[in-house]
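Quick notes on the structure that follows.
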Amino acid sequence: MRNAPTILHLDMDAFFASVEQASKPSLRGKAVVVGGLGPRGVVATASYEARVLGVHSAMPMAQARRLAPNAAYLVPRFMLYRTISEQVMALLRELSPLVEPLSLDEAFVDLEAGGTAWDEESARRAGVKLRADIRAVTGLTGSVGLAASKMLAKIASEQAKPDGLTLIEPGTERAMLGPMTVRTLPGVGPATGDHLRRAGISTVEELAEAGEDELVRLLGKAHGHALYAMALARDERPVVAEREAKSVSVEDTYDVDIHDRLRVGLEVQRLADRCVGRLRGAGLSGRTIVLKVRRYDFSTLTRSETLRGPTDDPVVIREAAARLLESVDTTGGVRLLGVGVSGLADYTQEDLFAQAMPVLPAEEPEKGVPEPVVERPEPAERQWRAGQDVRHTEYGHGWVQGSGLGRVTVRFETPQSPPGRVRTFLVDDPALESADPLPLTADPRHPPAGLAPPGSDRHEAPHQAPAASDDARPAGPRPGPDAGPPAGGGREAGADGASGIGREAGVGRSVGVGCEAGADRSVGVEGEAGADRSVGVEGEAGGGRSVGAEPAEGAGQASSDPASLPKSWSGAAGGGVTSRP
DNA sequence: TCTGGGGTCCTCTAGCTC
DNA sequence: TCTGGAGCTAGAGGACCC
């Protein structure tokens with residue numbers, strides 16, 4: 001282990017939620033939850049405001065809604081997050097060529113290898129500058145950990161959260177780690193944590209005292225040795241810039257369990273094709289085909305088959321997946337299916353034939369493959385996805401809060417503007433078109449795309465809206481703190497109507513609807529506290545009313561059935577109590 | 001309450017060959 | 001010829017991470 005804290009770990013704070021807050025001023029300071037909005041969705045990221053209410057990652061969305069009924073629930077926009085992530089990674093590469101991304105929002109940097117830092121002082125300077133640069137370029141905050149090893153740098157960044165910097169001075173590591181819980185150490189999850197607790201080990205110090213042999217006996221060779229080393233603050237792993245993928249897989253969880261064997265087969269074929277699309281997109285082929293089945297009772301089975309040589313041939317992979325499915329009992333229903341390929345290789349000689357075949361689009365089955373019966377027909381009307389960026393010829397840039405019953409509700413604001421106003425249009429309003437996300441900052445290195453100048457909406461959202469209902473109402477007194485819905489018990493309607501979301505999240509079926517609106521009642525109402533009929537056009541994510549895979553779910557149908565109205569609506573986060581422009 | 005998606009790594013077991 | 005052990009690989013499942 002080196003003598004200076006020159007390994008940096010960056011962890012962006014509540015990344016997905018922060019990006020949404022940065023791009024939507026009306027959500028700033030509010031509880032925002034990003035994740036799959038279907039009935040089986042889970043939370044990907046919660047803003048710190050939502051965390052205060054007990055919402056955290058990996059929590060079932062239904063539970064999050066109970067804890068934070070007034071939060072804004074949004075589907076992830078991975079394209080946007082990837083763009084922001086690339087900006088952050090570029091800043092990291094200015095520090096060193098040795099950058100090891102762990103995910104979109106997290107990376108290690110070897111500052112010493114880049115000549116950026118050689119001692120405590122220079123490392124701290126680099127960390128401070130990095131945080132300032134990230135804020136300038138993206139408008140977001142990140143937490144930085146600095147230490148002499150990867151493990152310690154990661155622990156340090158965790159301690160620095162949110163929006164801080166922690167440096168662990170060499171020589172102080174063991175004293176610092178000692179009283180911490182074993183769960184602090186990377187690789188100790190709930191199962192290992194429980195296992196150790198039953199053995200009377202709950203702190204890192206106790207872990208070190210237990211001794212290596214005991215840990216190996218308890219946890220097995222690899223885990224035991226590794227954990228003992230970590231307990232002594234020993235970690236020699238280098239920062240590795242390039243890591244090769246070992247497997248490629250796709251999987252879908254279905255809103256409703258699939259019982260029909262024929263349909264299970266068709267879904268597996270569809271997943272196999274998607275997997276091939278990914279595989280070819282990465283220029284890879286693989287030898288081992290893996291089928292994953294999660295049954296109605298959440299038990300998970302995998303079946304695999306290793307071929308003689310690597311392939312990216314959709315026919316071969318489809319057939320292998322079908323063979324594997326034959327060995328699985330699906331009576332009782334399946335909730336998840338997945339197809340993966342491991343044993344990856346670059347193209348081999350025998351794959352030349354496969355290479356000559358047309359490349360599959362990542363998400364589309366090859367021609368000739370029967371479409372699964374679950375595919376929904378395209379609705380005749382235009383679809384607007386909650387959270388989607390749009391532009392109106394008159395009002396400028398905004399984002400879709402929800403749609404349904406032939407209407408779409410848009411909040412007109414940009415990352416640089418104050419919270420904007422909400423207006424409702426017909427879904428096929430020719431003045432409304434989808435738009436690219438705007439840059440989160442006006443940083444000169446990343447000039448705005450030129451759709452709507454920052455702040456323009458503030459003055460360009462006049463009351464005389466010919467095509468739209470003018471939703472502006474006297475603000476009136478607020479009913480209370482952010483926690484409550486607006487007066488009138490704001491509700492939303494037609495959640496199902498705003499379908500078609502969620503594909504980009506990779507949750508093919510967990511198609512939720514974001515901040516929702518669309519009932520007649522929402523027209524002309526801003527959903528603002530104090531409005532006489534504030535019907536909660538904002539903030540709601542569809543109440544788990546995802547557009548399901550099952551046609552019986554009424555996919556794509558806007559609902560006007562009062563009984564189907566979601567239990568919650570939005571108030572706090574969604575804008576019911578956001579500041580008025 | 002009811003648990004995503006996309007990965008990596010590890011352990012255990014069984015079958016095969018020498 | 002039979003048997004047992006070592007070493008290897010494949011297959012299955014679990015734990016963990018973000």
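Quantities reported herein were computed from a predicted structural model and do not represent experimental measurements. Residue numbers begin at 1 in each chain, while the letters A, B, ... track the order of the sequences.
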Between [X] ([atom1]) and [N] ([atom2]), how many Å, whole number?
X        : N      : atom1 : atom2 : answer
A/His195 : B/dC10 : NE2   : C1'   : 15 Å
A/Met61  : B/dT3  : CE    : P     : 12 Å
A/Tyr254 : B/dT3  : OH    : C1'   : 17 Å
A/Leu37  : B/dG4  : CG    : C1'   : 12 Å
A/Glu251 : B/dT8  : CD    : P     : 13 Å
A/Glu267 : B/dG5  : CD    : P     : 12 Å
A/Leu271 : B/dG5  : CG    : C1'   : 12 Å
A/Asp255 : B/dT3  : CG    : C1'   : 14 Å

Any base atoms under 4.0 Å from [X], or only sugar-phosphate, or nothing? Heavy atoms, all strands.
X        : value
A/Val43  : nothing
A/Glu106 : sugar-phosphate
A/Ala58  : base
A/Leu336 : sugar-phosphate

Rounded to the nearest 0.5 Å, how far does [atom2] of [Y] lie from [atom1] of [X]?
X        : Y        : atom1 : atom2 : result
A/Ile317 : A/Leu307 : CD1   : CG    : 8.0 Å
A/Leu98  : A/Arg93  : CG    : CZ    : 11.5 Å
A/Arg131 : A/Leu91  : CZ    : CG    : 13.5 Å
A/Leu325 : A/Ser327 : CG    : OG    : 7.5 Å

Inter-nucleotide C1' distance (B/dT3, C/dA15), Å rounded: 16 Å

On a whole-Å scale, what distance lies between the P atoms belonging to C/dC18 and B/dC2? 26 Å

Considering heavy-atom distances to DNA chain B, does A/Ala222 or A/Pro60 have its closest nucleotide positioned more toward the 5' end? A/Pro60

The answer to which of A/Ala245 and A/Ser57 contacts DNA chain B further toward the 5' end, by nearest nucleotide, is A/Ser57

Side-chain N or O of A/Arg40 closer than 4.0 Å to phosphate OP1/OP2 of B/dG4: no

On the nucleotide B/dT8, are OP1 or OP2 found under 4.0 Å from the side-chain N or O atoms that A/Arg243 carries? no

All ring pair (Phe, Tyr, Trp, His ring centres under 6.0 Å) counterparts of A/Phe16, not counting sequence neighbours: A/Phe78, A/Tyr81

Between A/Arg197 and A/Asp194, is there a side-chain N and carboxylate O pair less than 4.0 Å apart? yes

Within residues 287-299 of chain A, which residues have any heavy atom lying less than 4.0 Å from an atom of DNA chain B? A/Arg294, A/Phe298

Can you tell which of B/dC9, B/dC10, B/dG4 lies closest to the side chain of A/Lys246? B/dC9

Please collect all salt bridge (charged side-chain N to carboxylate O under 4.0 Å, His left out) contacts where either partner lies in residues 320-341 of chain A, sequence neighbours excluded, each pair once. A/Glu305-A/Arg323

Is there a donor-acceptor pair closer than 3.5 Å between any side-chain N or O of [X] and the backbone N or O of [Y]?
X        : Y        : value
A/Ser47  : A/Val32  : yes
A/Ser18  : A/Ala14  : yes
A/Glu106 : A/Ser103 : no

Span of DNA chain C in contact with chain A (heavy atoms, under 4.0 Å): C/dA10 to C/dC18

Does either side chain, that of A/Thr311 or that of A/Ser285, offer a donor lying less than 3.5 Å from an acceptor on the other one? no

Please determine which of A/Arg294, A/Arg263, A/Arg40 meets the salt bridge (Lys or Arg N to Asp or Glu O under 4.0 Å) test together with A/Asp257. A/Arg40

Taking the axis from the first five pairs and the axis from the last five, what angle separates them in the helix from B/dG5-C/dC18 to B/dC18-C/dG5, rounded to 10 degrees? 10°

Contacts table for residues 139-152 of chain A: side-chain donor-acceptor under 3.5 angstrom, sequence neighbours left out:
from: A/Thr141; atom 1: OG1; to: A/Asp13; atom 2: OD2; distance (Å): 2.7
from: A/Ser143; atom 1: OG; to: A/Asp13; atom 2: OD1; distance (Å): 2.8
from: A/Ser143; atom 1: OG; to: A/Asp163; atom 2: N; distance (Å): 3.0
from: A/Ser149; atom 1: OG; to: A/Leu152; atom 2: N; distance (Å): 3.3
from: A/Lys150; atom 1: NZ; to: A/Glu100; atom 2: OE1; distance (Å): 2.8
from: A/Lys150; atom 1: NZ; to: A/Glu100; atom 2: OE2; distance (Å): 3.2
from: A/Lys150; atom 1: NZ; to: A/Pro238; atom 2: O; distance (Å): 2.9

